[in-house]
Amino acid sequence: MTSAPSKLYADDVSLLVVTLDTNPFFWTTFSFPFADFLSQVLAFLNSILLLGQLNQVMVIATGCNSCRFVYDSTSDKNHGSTIGTMPALYSNLLHNLDQFVARDRQLASPHAPGTVPSSLLSGSLSMALCYIQRAFRSGPMPPQPRILCLQGAADGPEQYVAIMNAIFSAQHSSVPIDSCYIGSNNSAFLQQASYITDGIYYKPPQLDGLYQYLSTVFATDLHSRAFLRLPKSMGVDFRASCFCHKQTIDMGYVCSVCLSIFCEHHDKCSTCGSVFGQAQLDASAADRKRKA
C-alpha cells in the first residue's frame, strides 16, 4: 500500500492500533476461552515491540456499550516498569482491561434472550483514527500507522453508517484496516473495511494457533508487505444495512439525494426529507392547483 503523498513516513517504524473485542456476551457463548485468546494476543503485541525499538502499540478495548484506551506503549509509566516479574505490557494492560470490563458491564442495557449484542466497533475505529491523526501531527516523520481489529461478535447493522464513515476516513488518510475475525461466520463490515483500505482480512481456521497466524500475517510492517505473499480475501460481502430497520439487505431503495438505503418504499426520505416518485408528483400537482 502506498503512503499518503502529503506525509513522510518512517518505513521501518510501525504504529499498530489494536481494537480488542471484550464482549462478554460473545465470549461466554464461544467455544474458545477469552483467557486463551488474550494470552496469545499479548504474546503477539510483545513481539511487535521486540521487532523494532521504535515500534508503538496502542490497544483499545471494545465493549458492548463503550470503548477505552487500555494500553499505550509510548506512555512513560509503561517504559521498563514491572510488577513483580510481570512486564508493564501485561500488568498495566490487564489491570486497565479488568477496570474497563467491570465498567462496561454496569452500562449494559437489556437485550432479547438468546441473542448476543454487537460490540461497539464503530466507536473503537473512531478512537483509533483520532489517535492516528494525533500521531500524524507529532513530527515530520511519524510511524506508519495501521489498525488491527480483533473481532469476535457479529456485526451490528445499526452501526453501519458510523462504521462506513470510519472506513472512508481511514482510506482518505491511507491507513489500512487489518481484520482478524474469530467468530463463527464472516464479518461483512470488516471485509469491506479491509478491502477498501487495502488491508488484510483473515479468519484463522484454528484458534489454538492464533499467535502463529497473528505473527505471520499481521506482524509485518507496510513496507515489507510488498515483498511477501500474504493471504487474499476470496470474496467480500458488500451488502449494506437499511436506514429504516437497521437490517442487512440484498436489494433496497436508495435516495437519489443523500444515498440513504431503505428496505421498503417510502414516500419521503427520513434522512434528508426528499420526496420520492408519485408522492413528489402529487405534491407538485397540489402546489400548482393552489397557485391557480
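Sequential numbering from 1 along the given sequence is applied to the chain's residues.
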Legend entry - Residue pair Q144 / L222: nearest heavy atoms and the distance that separates them: OE1-CB, 2.9 Å
Legend entry - Closest contact, heavy atoms only, I60 versus A128: CD1-N, 3.6 Å
Inset, instruction - Report yes if the side chains of S118 and Q159 come closer than 4.5 Å at any heavy-atom pair, otherwise no. - result: yes
Inset, instruction - Give a yes or no on this: more than 12 heavy atoms of other residues, nucleotides or ligands lie within 6.0 Å of atom CZ of F69. - result: yes
Inset, instruction - Taking all non-hydrogen atoms of both residues into account, name the closest pair between L150 and F37 and its distance. - result: CB-CZ, 4.1 Å
Inset, instruction - Return the minimal non-hydrogen interatomic distance between R103 and S66, and the atom names on each side. - result: NH1-OG, 3.8 Å
Legend entry - Side-chain donor or acceptor of Y201 paired with backbone N/O of I177 under 3.5 Å: no
Legend entry - Audit row: S122, F189, side chain to side chain contact (heavy atoms under 4.5 Å, CB included) steps and yes/no: CA-CA 10 Å; S122 59; F189 290 167; over 6 Å; no
Inset, instruction - State whether a side-chain donor-acceptor pair under 3.5 Å links T19 with Q151. - result: no
Inset, instruction - Starting at OG of S187, measure out to CG of L121 and round the result to the nearest 0.5 Å. - result: 7.0 Å
Inset, instruction - Could you tell me the separation between the OG atom of S174 and the CD1 atom of I132, rounded to the nearest 0.5 Å? - result: 11.5 Å
Legend entry - Any L38 side-chain heavy atom under 4.5 Å of W27 side chain: no
Inset, instruction - Would you indicate whether the side-chain heavy atoms of C180 and F218 approach each other to under 4.5 Å? - result: yes
Inset, instruction - Show your working on side-chain hydrogen bond (donor to acceptor under 3.5 Å, both in side chains) between D21 and T62 and close with a plain yes or no. - result: CA-CA 5 Å; D21 190 358; T62 307; 6.0 Å; no
Inset, instruction - Decide whether D221 and S224 meet the rule of one side-chain donor and one side-chain acceptor closer than 3.5 Å. - result: yes
Inset, instruction - Determine yes or no for a side-chain-to-main-chain donor-acceptor pair under 3.5 angstrom, with N165 supplying the side chain and V161 the backbone. - result: yes
Inset, instruction - Take atom CZ of F30 as the centre, draw a 6.0 Å sphere, and report whether it contains more than 12 heavy atoms from other residues, nucleotides or ligands. - result: yes
Inset, instruction - Flag yes if more than 12 heavy atoms outside Q212 fall under 6.0 Å of its CD atom; otherwise flag no. - result: no
Legend entry - Whether T29 side chain and F25 backbone form a donor-acceptor pair below 3.5 Å: yes
Legend entry - Full working for side chain to side chain contact (heavy atoms under 4.5 Å, CB included) between Y181 and Q191: CA-CA 9 Å; Y181 188 73; Q191 283 182 336; over 6 Å; no
Inset, instruction - Could you tell me the separation between the OG atom of S124 and the CG atom of L20, rounded to the nearest 0.5 Å? - result: 10.0 Å
Inset, instruction - For residues L16 and D178, determine if any side-chain heavy atom of one lies less than 4.5 Å from a side-chain heavy atom of the other. - result: no
Legend entry - Linked, directly or transitively: L228 and L214 (ILVMFWY side chains, under 4.5 Å): yes
Inset, instruction - Can you measure from CG (D104) to SG (C64) and round to the nearest 0.5 angstrom? - result: 6.0 Å
Inset, instruction - Answer yes or no: is there a donor N or O on one side and an acceptor on the other, between the side chain of R105 and the main chain of P24, under 3.5 Å? - result: no
Inset, instruction - Could you tell me whether a side-chain N or O of S194 sits under 3.5 Å from a main-chain N or O of G199, the two making a donor and an acceptor? - result: no
Inset, instruction - State yes or no: do L120 and Y160 share one hydrophobic cluster built from I, L, V, M, F, W and Y residues joined by side-chain heavy-atom distances below 4.5 Å, directly or via other members? - result: no
Legend entry - Side-chain donor or acceptor of S169 paired with backbone N/O of A166 under 3.5 Å: no
Inset, instruction - With rounding to the nearest 0.5 Å, note down the distance linking CG in N55 to CG in L49. - result: 7.0 Å
Legend entry - Expected output: side-chain Q40 to main-chain Y211 donor-acceptor under 3.5 Å: yes
Legend entry - For M164 against I196, the heavy-atom pair lying closest together: CE-CD1, 4.1 Å
Inset, instruction - Using a 4.5 Å cut-off on heavy atoms from C-beta on, say whether the side chain of S173 contacts that of Q133. - result: yes
Inset, instruction - With side chain to side chain contact (heavy atoms under 4.5 Å, CB included) as the test, would you mind laying out the steps for L148 and V17 before giving the verdict? - result: CA-CA 6 Å; L148 173 59; V17 183; over 6 Å; no
Inset, instruction - Taking the side chain as every heavy atom from C-beta outward, state whether I182 and K203 have any atom pair closer than 4.5 Å. - result: no
Inset, instruction - Quick one: closest heavy-atom pair of R68 and F100, and the distance? - result: CB-CD1, 3.5 Å
Legend entry - From D72 atom CG to M58 atom CE, the distance as rounded to the nearest 0.5 Å: 3.5 Å
Inset, instruction - For the residue pair P145 and Y131, establish whether any side-chain heavy-atom pair is separated by less than 4.5 Å. - result: no
Legend entry - Student check: side-chain heavy atoms of V217 and I200 closer than 4.5 Å: yes
Legend entry - Main-chain N/O of P117 paired to N23 side chain as donor or acceptor, under 3.5 Å: yes
Inset, instruction - Go through the steps to decide whether K268 and S274 satisfy the test side chain to side chain contact (heavy atoms under 4.5 Å, CB included), and finish with yes or no. - result: CA-CA 6 Å; K268 186 177 181 180; S274 300; over 6 Å; no
